[in-house]
Asks: 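One structure is given below, represented as structure tokens, and several questions about it will come after.
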Amino acid sequence: MGFGSFLKKVGAEIKEAGEKLENMFTEEKHSHTHFGHGCHEDDSHAEYSENRYCSFAPQSSGHAKWYVDGASYFWAVSMAIEEAKDFIYILDWWLTPELYLRRPPAQNERYRLDKMLLAAAERGVQVRIIVYKEVEKALTLNSMHTRRSLEALHPNIRVFRHPDHYPSGGDAMSALQSLKDLSFKGFNLAKASRDAVEALYGVHDDVVLFWAHHEKLCLIDGKVAFMGGLDICFGRWDTNTHPIADAHPGNLNDIVFPGQDYNNARIYDFENVAQWENNKLDRTKSSRMGWADISISLSGPILDSLWIHFGQRWNYIFKDKYEKKNEGKYQAIILPEAHGPVHLDDGEHLFGGLHQHFKKRIHHLMGDEEEEHHHHPPPLSPGAGAHIQLTRSASPWSHGMKTEHSIATAYMDAIANAKHYVYIENQFFITATSEGDEQKPVSNKIGRAIVDRIIRAHENRENFHVFVLMPAVPAFAGDLKSEGALGTRAIMEFQYNSISRGGHSIIQTLKASGIDDPSRYIAFYNLRNYDRINTSATMARVEGKSGVSYEAARRNYDNQYQANQDYKPNSDPYYSQQDPNNQYNRYQEAAARHSDQTWDSVAAAYMDSGPNLHSLPWNGTPESELDAYVSEQLYIHSKVLIADDQLVICGSANLNDRSQLGDHDSEIAVIIEDPTPVKTFMGGQRYTASAFAASLRRQLFRKHLGLLPHQAPNAFDRNWTPVTKDGNQYDWGSPADILVQDPLDARFLSLWTSTAKKNTEIFSRAFHPVPNDKVRTWEDYDNFFSKYFVVPGEDPKKAEEAYRAGKVDYGHVVRSEFPGGVRELKDWLNGVRGNLVDMPLDFLVDVDDIAKEGTLTLNSITQELYT
């Protein structure tokens with residue numbers, strides 16, 4: 001359909017919504033962020049006022065299992081899909097049909113998602129999927145490709161896209177016309193006018209559809225569910241080691257991240273994801289970006305609440321959009337009659353019994369009070385279930401019912417009632433501390449809850465700490481000084497104003513309250529890692545013998561494993577491998593005649609018992625090896641809060657207004673309180689922790705500190721299965737476990753802070769990453785970063801001049817820092833342990849407004865989009 005036809009079609013649906021839209025943005029947002037105002041006092045929550053957090057779902061129970069990063073999670077999902085008998089329900093922000101759930105792809109062809117769903121549909125399984133329908137000029141998800149490619153496979157597979165973005169407002173037609181000739185790259189959301197943004201996103205019942213369906217949920221047969229931070233899409237699969245190099249000159253079949261799944265959006269974002277060949281990232285020159293995430297699987301009565309949530313969403317969209325659009329093609333879903341009850345295996349059915357249940361289990365577990373705590377781990381798969389409750393952010397536009405923000409309520413309650421520590425690992429950190437609207441447009445008051453809890457700890461002289469881990473750079477953007485990074489800088493400014501700047505931040509508020517050193521109580525961290533791209537001499541020799549460049553052969557490989565548009569059910573994926581002119585075949589035949597001892601990734605070096613970099617072979621010159629080292633931020637995408645080693649909140653919700661207010665993005669999260677006791681210490685004192693919360697927190701701390709062993713892409717163990725197969729396997733009492741068992745112990749805190757400091761120093765010298773505390777002004781930025789790197793998207797002629805001047809590609813080693821060459825570099829990098837680094841709170845601190853470009857600043861609407 002041409003653009004003119006589109007205008008004609010939507011023109012008939014445009015309403016006089018201007019005044020209503022203006023009122024929507026000026027009226028006070030409703031969120032459980034007003035202290036002293038409980039949800040039960042608000043008529044909008046009357047229906048669920050008896051439920052904790054005023055959630056639509058009452059407290060329930062079940063079994064829970066955690067997965068740190070995507071390799072184990074997606075393997076478990078693949079096992080459950082393979083065994084599905086009745087239905088598979090999936091709710092995702094983005095879903096990639098071509099994603100491999102097991103790696104490497106050459107050994108796991110049948111575990112590509114579309115093939116697994118086809119096999120399930122052919123068994124009679126009903127597959128129902130809901131994905132966010134994106135604004136195409138703002139995002140590259142291509143939900144239309146998701147729907148078309150999957151529905152074409154089998155009639156048992158049905159896909160909904162929501163919401164529709166119809167133009168709005170009196171000036172919508174002219175605003176749309178102004179967008180007519182813009183490609184995706186030509187559209188800059190941060191610079192768009194109010195009318196253009198409103199026209200682009202459209203309205204539904206007078207609400208501008210800026211917001212997204214952001215849940216991540218896979219529910220299978222009503223027996224097992226998967227949820228958390230991971231969408232089933234490109235860029236999410238990763239191991240605990242987080243390798244960021246994936247060049248395999250000795251054997252292309254060792255590729256782990258095929259096609260666009262090898263992604264670094266700080267260099268190139270996903271583009272035209274239906275076409276594998278549009279991956280412009282050259283893996284012989286650039287690293288991928290590692291992906292840190294946390295998800296869970298659940299079983300038991302809690303699944304009824306998840307089933308009801310999915311069914312409500314499906315039926316709402318069905319009636320709103322699909323009932324008449326394709327009559328007879330889609331049907332409504334039958335929901336469970338009620339939420340599942342609380343049920344523990346020993347017969348306790350009420351949450352009031354949790355304390356007695358916990359006491360009985362700890363009495364049985366502890367025995368002799370004089371025994372060492374860490375010698376009594378809980379059973380691998382505890383008999384009793386955990387207390388679990390589903391919360392959500394939902395509203396009229398997303399769910400067809402009154403606004404609910406029970407996730408925000410749960411976050412604030414967990415923080416307020418924490419006795420020892422709060423650990424937050426989240427993709428964003430945008431929140432307010434002020435009682436009024438001084439931090440407008442930011443509205444959620446999770447920051448206020450943190451401030452109040454720390455002040456109380458200070459006044460009562462309590463040993464209390466808040467750990468916050470978040471990405472160094474949100475929303476990606478390679479060169480933060482570039483025109484295209486205005487939106488990224490806006491998010492960063494909102495985050496710095498939440499943390500340490502702007503007059504009402506957490507740290508400033510604590511200092512104003514008489515706490516001279518807030519770092520005693522709260523600290524912020526990022527993650528970063530390094531690797532070495534295997535561009536050894538083997539690659540050049542094989543290229544010469546075969547007459548095929550590595551990248552050409554790799555693209556031919558991708559064409560066989562990722563070419564989705566030509567995918568036919570039951571077709572031979574190796575259809576072209578017997579062709580002697582096939583570039584993949586020619587390269588592979590030549591590679592088989594050359595021995596390559598060079599490691600394809602050296603990420604194992606910063607893990608527990610990892611190799612010394614000097615011991616790892618390199619087939620080539622010292623200069624080429626130095627240039628092969630790369631670094632990138634490890635992107636934190638988790639959405640988790642852990643308190644006191646007893647409570648876990650895990651789901652899809654970020655710590656910002658978009659996720660927390662309820663009437664913005666739609667989200668889900670569960671609160672898990674596992675009564676299985678673990679004898680341990682807290683602040684040097686004997687303490688009883690929860691097995692689920694304690695093991696998850698310790699696993700994360702060990703990974704960040706480099707106290708976990710290297711994890712291979714196919715390192716299957718009992719932690720890679722659904723909760724219906726095994727509980728979490730954790731090595732209680734091991735030397736590494738003992739190091740992290742007490743998060744408030746002075747020795748642990750010294751290990752934590754010294755590791756972060758040392759890693760920060762090492763990365764800062766070797767790779768000059770930004771953000772960085774050495775960069776306080778834009779002049780500092782030029783001298784520390786721009787001076788050394790060819791930035792992504794640089795004009796080719798300028799890039800050539802820069803290379804001749806000694807600049808290197810973004811993410812590579814700054815050569816002048818190591819006059820001793822690669823040996824000195826290896827000495828330096830050998831000091832990295834794990835991936836924990838300090839968050840640079842002084843980055844651009846002397847710049848008045850980092851979210852400003854000339855006279856351009858964000859308007860009120862685009863501000864809300866970024867919070």
Side-chain angles (χ1 to χ4, degrees), residues 48 51-68 73 76-77 89 91-92 214-220 222-230 293-310 312-313 336 339-344 351 354 384-394 404-415 423-426 638-643 646-655 659-660 662 665-676 690-693 695-697 722-724 727-728:
Y48 306 127
N51 293 340
R52 185 174 64 162
Y53 313 130
C54 294
S55 169
F56 83 108
Q59 293 155 312
S60 186
S61 61
H63 289 84
K65 182 174 184 176
W66 48 255
Y67 306 89
V68 176
Y73 176 74
V77 170
Y89 295 160
L91 185 57
D92 256 342
H214 196 242
E215 299 101 320
K216 301 90 170 64
L217 172 66
C218 179
L219 175 65
I220 298 178
K223 296 180 179 180
V224 64
F226 300 86
M227 61 172 290
L230 285 162
D293 221 323
I294 303 165
S295 290
I296 56 175
S297 65
L298 301 167
S299 65
I302 185 61
L303 297 194
D304 287 339
S305 296
L306 291 164
W307 191 341
I308 289 170
H309 176 77
F310 180 91
Q312 287 176 345
R313 175 72 50 75
H339 294 271
V342 175
H343 177 73
L344 299 180
F351 266 70
L354 176 60
H387 295 281
I388 310 175
Q389 183 179 6
L390 179 63
T391 56
R392 67 184 182 184
S393 291
E404 177 180 334
H405 47 72
S406 50
I407 297 175
T409 310
Y411 261 76
M412 296 177 68
D413 182 77
I415 293 166
Y423 175 80
I424 295 171
E425 187 170 312
N426 205 287
S638 318
K639 296 92 170 57
V640 161
L641 181 150
I642 307 174
Q646 291 185 344
L647 176 145
V648 174
I649 300 177
C650 180
S652 64
N654 291 314
L655 206 161
S659 289
Q660 299 289 338
D665 291 353
S666 61
E667 310 281 5
I668 53 173
V670 289
I671 294 85
I672 302 171
E673 296 162 288
D674 172 23
T676 307
S690 154
F692 183 85
S695 61
L696 174 57
R697 196 267 305 163
V723 66
T724 48
N728 280 117

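Residues take their numbers from the sequence shown, with the count starting at 1.
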Asks: Would you give the length of the straight line joining atom CD1 of Ile388 to atom NE2 of His63, rounded to the nearest 0.5 angstrom?
Replies: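 Going from the CD1 atom of Ile388 to the NE2 atom of His63 covers 8.5 Å.
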Asks: So do Leu696 and Val68 actually touch side chain to side chain, heavy atoms under 4.5 Å?
Replies: yes
Asks: Quick one: which residue pairs count as a salt bridge (charged side-chain N to carboxylate O under 4.0 Å, His left out) with a foot in residues 299-309, not counting sequence neighbours?
Replies: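 Found none.
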Asks: Work out which heavy atom in Thr724 is nearest to a heavy atom in Lys223; give both atom names and the distance.
Replies: CG2-O, 3.8 Å
Asks: Heavy atoms, side chains only, cut-off 4.5 Å: are Glu215 and Ser666 in contact?
Replies: yes
Asks: Taking the side chain as C-beta and beyond, is there a heavy-atom pair between Asn51 and Pro58 under 4.5 Å?
Replies: yes
Asks: Minimum heavy-atom separation for Asn426 and Ala653, please, with both atom names.
Replies: ND2-O, 3.4 Å
Asks: Nearest 0.5 Å please: distance from the CD atom of Gln389 over to the CD1 atom of Ile672.
Replies: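 Here the rounded value is 12.0 Å.
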Asks: Taking the side chain as every heavy atom from C-beta outward, state whether Arg392 and Gln312 have any atom pair closer than 4.5 Å.
Replies: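 In short, these two side chains touch, coming nearer than 4.5 Å.
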Asks: OG of Ser55 to CD1 of Ile671: how many Å apart, nearest 0.5 Å?
Replies: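 That separation rounds to 7.5 Å.
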Asks: Work out which heavy atom in Asn728 is nearest to a heavy atom in Phe692; give both atom names and the distance.
Replies: OD1-CE1, 4.4 Å
Asks: Measuring from atom CG of Leu390 to atom CD1 of Ile407, what distance do you get when rounded to the nearest 0.5 angstrom?
Replies: 8.0 Å
Asks: Can you name the closest pair of heavy atoms from Ala76 and Pro722 and give their distance?
Replies: O-CG, 3.5 Å
Asks: Could you tell me whether the side chain of Leu655 reaches within less than 4.5 Å of the side chain of Leu641, counting heavy atoms only?
Replies: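 When only atoms from C-beta onward are counted, Leu655 and Leu641 do not touch, as no gap falls below 4.5 Å.
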Asks: Parallel, tilted or perpendicular: which describes the rings of His309 and Phe56, with under 30° parallel and over 60° perpendicular?
Replies: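 Tilted, since the angle between the ring planes falls between 30° and 60°.
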Asks: Closest heavy-atom contact between Ser60 and Ile302?
Replies: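 So the two residues come closest at OG-N, 3.4 Å.
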Asks: Are Ser295 and Lys216 packed together at the side-chain level, in the sense that at least one heavy-atom pair is separated by less than 4.5 angstrom?
Replies: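 Side-chain contact under 4.5 Å: no.
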Asks: Quick check: do Ile220 and Val77 have side-chain heavy atoms less than 4.5 Å from each other?
Replies: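 Ile220 does not reach Val77 side chain to side chain.
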Asks: If you compare all heavy atoms of His339 against all heavy atoms of Ser305, which two are closest, and at what distance to 0.1 Å?
Replies: ND1-OG, 2.7 Å
Asks: Quick one: do the Asn654 and Lys639 side chains pair a donor with an acceptor below 3.5 Å?
Replies: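 Indeed, the side chains of Asn654 and Lys639 share at least one donor-acceptor pair under 3.5 Å.
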Asks: For the atom pair SG (Cys218) and CG (Leu306), what is the distance rounded to the nearest 0.5 Å?
Replies: 11.0 Å
Asks: For Ser690 and Glu673, which I'm curious about, is there any donor-acceptor pair between the side chains at under 3.5 Å?
Replies: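 No.
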Asks: Output the distance between atom CD (Glu404) and atom OG1 (Thr409), rounded to the nearest 0.5 Å.
Replies: 8.5 Å
Asks: Using only heavy-atom distances, determine whether the side chains of Ser652 and Glu667 contain a donor-acceptor pair under 3.5 Å.
Replies: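 Judged by distance alone, the side chains do pair up.
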Asks: Given 3.5 Å as the limit, does a donor-acceptor pair link the side chain of Thr391 with the main chain of Ala669, or not?
Replies: yes
Asks: Taking the inter-plane angle between the rings of Tyr67 and Phe226 on a 0 to 90° scale, is it parallel (under 30°), tilted (30 to 60°) or perpendicular (over 60°)?
Replies: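 If you compare the ring of Tyr67 with that of Phe226, the planes turn out tilted.
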